[in-house]
Amino acid sequence: MRTQVVIVGSGPSGLLLGQLLANAGIDNIILDRVDRDYILGRIRAGVLEVGAVDLLDRAGCGERMHEEGLVHDGFELSFLGRRQRIDLKGLTGTSVMVYGQTELTRDLMDHRAATGGRTIYNAANVTPHDFDGASPHVTYEQDGDTHRIDCDYIAGCDGFHGVCRASVEDKGLRTYEKVYPFGWLGLLADVPPVHHELVYANHARGFALCSQRSHTRSRYYVQVPLTDKVEAWSDDAFWDEIRRRLPQDLAEAMVTGPSIEKSIAPLRSFVAEPLRFGRLFLVGDAGHIVPPTGAKGLNLAASDVHYLFEGLREYYADRKAAGLDAYSARALSRIWKAERFSWSMTMLLHRFPDDGDFGSRVQEAELDYLSSSRAAQTAMAENYVGLPY
Ligand code: RFL
Ligand code: PHB
């Protein structure tokens with residue numbers, strides 16, 4: 001087989017890139033090691049920046065998001081029993097869109113299927129070859145046969161545990177990493193959200209987040225030790241714990257119900273540099289991870305896709321490589337700012353076992369300062385709604 005761009009990974013970055021390329025007349029094939037239902041079973045992000053919303057529109061896949069997504073003009077911080085609203089719209093003129101990654105992925109998959117895009121699921125042992133030489137190609141195995149796809153470029157959209165970054169580890173890749181000493185236990189339930197906006201809670205028992213997917217579906221999280229096992233958390237234990245971490249009025253208003261999904265995710269900050277090795281590009285989680293506190297993971301995947309798509313489009317339209325040459329530096333400049341923001345939100349809102357009471361008091365002072373300073377709120381709001389592409 002031959003195509004212009006092989007995309008490894010059928011998550012949000014691979015699908016978004018594939019659709020933008022297809023719309024621009026650039027042929028591409030997506031390979032994933034698992035199948036569509038497995039990918040759609042993963043419950044992940046829920047907040048889209050305006051840049052990600054625009055990109056989904058440009059891909060031609062934004063219709064359901066605009067119908068069913070919820071536009072949020074602000075969010076709340078809670079601490080010491082108090083609640084402080086961050087007025088995103090008032091401070092920045094911009095809002096965010098609450099729309100689940102699962103739904104966005106489904107929209108992209110359906111559109112790709114309807115427009116005849118080629119996706120190969122259950123492709124085993126996907127391997128990129130000769131991307132620093134003259135004949136880049138990707139091999140994979142399926143039904144006992146090995147297949148080969150020749151191409152011009154390879155987009156590594158295969159997530160944190162993918163093969164693309166692994167294949168450049170001995171080629172001058174540099175990595176930066178911070179692992180946090182706790183995880184998030186998340187619960188999804190068909191109950192109305194406790195509040196119409198998201199609430200991020202700093203509490204002596206640990207962080208909590210009240211998020212949502214719709215007016216009837218809620219997504220809640222609590223900080224837990226990494227040693228906790230999800231099987232040991234009953235739904236009742238979860239509901240009791242999150243209520244303890246919220247101000248009394250919210251705790252009393254919370255509607256509980258059986259979970260649809262429950263899982264524990266570790267928190268990590270990670271950046272790989274550079275993001276280009278010859279004709280191979282790293283995109284989204286393949287190149288970087290943020291802790292979910294700032295809701296930036298999916299949004300960074302979208303900005304990477306934007307930069308890479310612009311480079312590829314320019315290359316195929318005008319045979320100019322300037323955009324592709326600039327991809328790594330442009331993407332990393334935005335990535336590091338989102339890394340900084342996600343790290344600072346994580347440090348502000350979680351209990352760190354080694355930081356003791358001093359750490360808690362410093363957090364409280366910062367939250368108190370935020371409550372009284374429009375400048376501090378503006379800085380937080382600007383980063384939360386997303387820095388410009
Ligand atoms: P994805 O979504 O991980 O998709 C990668 C795809 O590549 C496939 N793949 C391979 N295919 C072929 N060969 C291989 N060797 C392959 N290895 C992997 C995988 O099957 C998969 O389909 O990466 P992408 O597209 O870059 O998208 C990034 C986002 O998914 C990610 O940034 C966010 O979901 C991060 N994230 C969250 N972000 C938020 O903003 N808010 C959240 O609440 C939030 N929760 C989460 C998350 C990420 C999690 N992970 C990665 C464990 C919760 C979890 C559990
Ligand atoms: C979510 O709804 O899953 C979500 C929202 C905001 C975050 C993290 C996760 O910061």
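All ligand and atom numbering here is 1-based and tracks the order in the structure. Since the model is a prediction, treat every value here as computed from it, not as a measurement.
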Under 4.0 Å from a heavy atom of [X]: which atoms of ligand 1 are those, numbered in the order shown and with their elements?
X: I39; value: 22 (O)
X: K296; value: 40 (O)
X: S13; value: 24 (P), 25 (O), 26 (O), 27 (O)

By side chain to side chain donor-acceptor pair (under 3.5 Å) - contacts of E63 (at least two apart):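 For E63, no residue satisfies side chain to side chain donor-acceptor pair (under 3.5 Å) once neighbours in sequence are set aside.
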
Please list, by chain and number, the protein residues whose heavy atoms come under 4.0 Å of ligand 2. R44, G46, V47, W184, L198, Y200, L209, S211, R213, R219, Y221, P292, T293, A295

So, 4.0 Å and heavy atoms of A123: is ligand 1 close enough to count as a contact?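 Flag not set, A123 not near ligand 1.
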
Heavy atom of Y221 under 4.0 Å from ligand 1?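 Checking ligand 1 against Y221, which is what was asked, there is a heavy-atom contact under 4.0 Å.
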
Have a look at L308 and tell me which of L275, V5, L17 forms a side-chain contact (heavy atoms from CB on, under 4.5 Å) with it.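 Answer to the side-chain contact (heavy atoms from CB on, under 4.5 Å) test with L308 among L275, V5, L17: L17.
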
When you look for heavy atoms under 4.0 Å from ligand 1, do you find them on the side chain of I289, its backbone, both, or neither? neither

Regarding ligand 1, does W184 bring an N or O atom to under 3.5 Å of one of the ligand's N or O atoms?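 No.
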
Within the structure, does P292 bring an N/O atom to less than 3.5 angstrom of an N/O atom in ligand 1? no

For atom 48 (C) of ligand 1, which candidate among R42, R33, R36, R44 holds the nearest heavy atom?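 Looking at heavy atoms only, the winner is R44.
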
Tell me the protein heavy atom at minimum distance from atom 38 (N) of ligand 1, and give that distance in Å.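 That would be A45 CB, 3.4 Å.
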
